[in-house]
Amino acid sequence: MLSSSVAQYAAQYGRTPHLAVIIAGDDEGSKSYVRAKARASAETGIRNTTIELPATVSQQELCDLVQSLNADDDVDGILVQLPLPEHIDSCAVISSVALEKDVDGFHPLNVAALWQKRPCTPPCTPRGIIRLLDAAGVEIEGKRAVVVGRSNIVGMPMSKMLLDRNATVTTAHSRTKDLGAITSEAEILVVAAGSPHLIKADMVRDGAVVIDVGVNRTPDGHLCGDVDFDAVAAKASVITPVPGGVGPMTICSLMENTVECYLKRMNNVAGK
Ligand code: NAD
């Protein structure tokens, strides 16, 4: 359990890991993600400071805040909740986070390290999915994997991490022709499109492992994934529900990334 390791580290190093989360604006979805991260931190024994800013915050104010957290020796991880208000250059803000505190794994140098197969902080959602596949005993090596979606946050790093585990990977996206023909070949299918019930049973191979990353809100306010769960579950060997599948694994990975950033910092201090 991560919480017992955190307690041991806190006793050993004399301080607990500390995650700072910045949220700008009033997006309800983002607020609920930030609350879930604070809850998970409390359960794990990680100190959490959530800083709420108005949607009108300026780029300079946001970057100044990040700089002050970068310089704060008591902060181990900095997470800037996305999306940021439209007038903010998200890329510039993410790049301003100190590399050693980039618990989201979105800093350009972390991304580069992932693509060059060097040590890095991996992005939370793909990391959580790999852990989920391993925990379910799914053999990845040699499998035909299809990832639907090519975002920097999920689709692209997911494809790369499956490739690094020796799957044969196809990345599908919004311009892919005949998506069903591609997804039907997948032994491992990861769907991160943000399109409710995009994947129907006839698009899935018998016995496939189906990982649904999508989080969509139906008109009646319920959450649903990108996969038509009931119909696809009848064909899949493994399938993740929404909610309750990939989401909790993403948060679990965030906790792991925070503890790993903390340990690297603590060991650097000890080595000086
Ligand atoms: P995004 O909008 O940045 O990217 C979506 C990708 O899907 C794009 O690359 C696009 O080409 C592709 N796509 C869209 N419609 C498609 C279609 N009809 N056919 C094929 N490809 C299509 O989104 P994102 O940030 O990657 O997130 C994707 C989904 O995953 C969203 O629902 C998001 O809320 C969810 N998400 C969940 C978690 C979690 O922890 N559960 C984490 C991150 C994102």
Side-chain angles (χ1 to χ4, degrees), residues 21 23 25 27-41 79-84 86 90-91 94 103-106 110-111 114 121-133 135 145-162 169-186 189-200 202-204 210-219 221-229 232 239-258:
V21 178
I23 175 167
D27 180 74
E28 278 310 318
S30 295
K31 282 182 167 178
S32 82
Y33 289 135
V34 165
R35 279 195 298 273
K37 288 165 188 174
R39 266 197 311 276
S41 301
L79 182 147
V80 182
Q81 183 66 42
L82 300 176
L84 287 168
E86 269 183 17
S90 303
C91 221
I94 288 164
V103 284
D104 249 343
F106 295 163
N110 257 325
V111 176
L114 176 72
T121 300
C124 298
T125 301
R127 179 180 184 162
I129 291 170
I130 294 285
R131 174 177 276 261
L132 204 148
L133 292 171
V146 173
V147 177
V148 182
R150 57 176 166 181
S151 71
N152 289 334
I153 294 172
V154 189
M156 291 308 290
M158 185 76 256
S159 290
K160 171 64 172 145
M161 287 166 80
L162 287 166
V169 183
T170 300
T171 308
H173 48 80
S174 54
R175 310 285 174 90
T176 295
K177 292 203 167 70
D178 198 357
L179 181 65
I182 309 275
T183 56
S184 300
E185 290 185 1
L189 176 61
V190 180
V191 192
S195 179
H197 295 169
L198 172 70
I199 303 297
K200 312 282 185 208
D202 63 357
M203 299 165 76
V204 175
V210 180
I211 306 293
D212 191 353
V213 186
V215 179
N216 311 291
R217 206 162 275 283
T218 59
H222 288 94
L223 290 182
C224 77
D226 290 349
V227 175
D228 186 3
F229 183 88
V232 173
I239 184 167
T240 60
V242 177
V246 171
M249 294 309 295
T250 297
I251 292 186
C252 175
S253 301
L254 173 64
M255 299 299 113
E256 289 174 335
N257 282 354
T258 302

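Atoms within a ligand are numbered from 1 in the order they appear, just like the ligands themselves.
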Between [X] (side chain) and [Y] (backbone), is there a donor-acceptor pair under 3.5 Å?
X: Asn216; Y: Gly225; answer: yes
X: Thr171; Y: Arg150; answer: no
X: Ser151; Y: Val154; answer: yes
X: Asp226; Y: Ser195; answer: yes

*Could you please provide the protein residues found below 4.0 Å of ligand 1 on a heavy-atom basis, arranged by chain and number?*
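Residue list for ligand 1: Thr125, Val148, Gly149, Arg150, Ser151, Val154, His173, Ser174, Leu179, Ala192, Ala193, Gly194, Leu198, Val213, Gly214, Val215, Asn216, Val246, Gly247, Thr250.
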*asked:* When you compare the side chain of Leu254 with that of Thr250, does any pair of heavy atoms fall below 4.5 Å?
replied: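 No, every pair of side-chain atoms sits at 4.5 Å or beyond.
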*Kindly write out the residues that satisfy salt bridge (charged side-chain N to carboxylate O under 4.0 Å, His left out) with Arg39, not counting sequence neighbours, or none if the list is empty.*
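Scan of Arg39 (salt bridge (charged side-chain N to carboxylate O under 4.0 Å, His left out), adjacent residues dropped) gives none.
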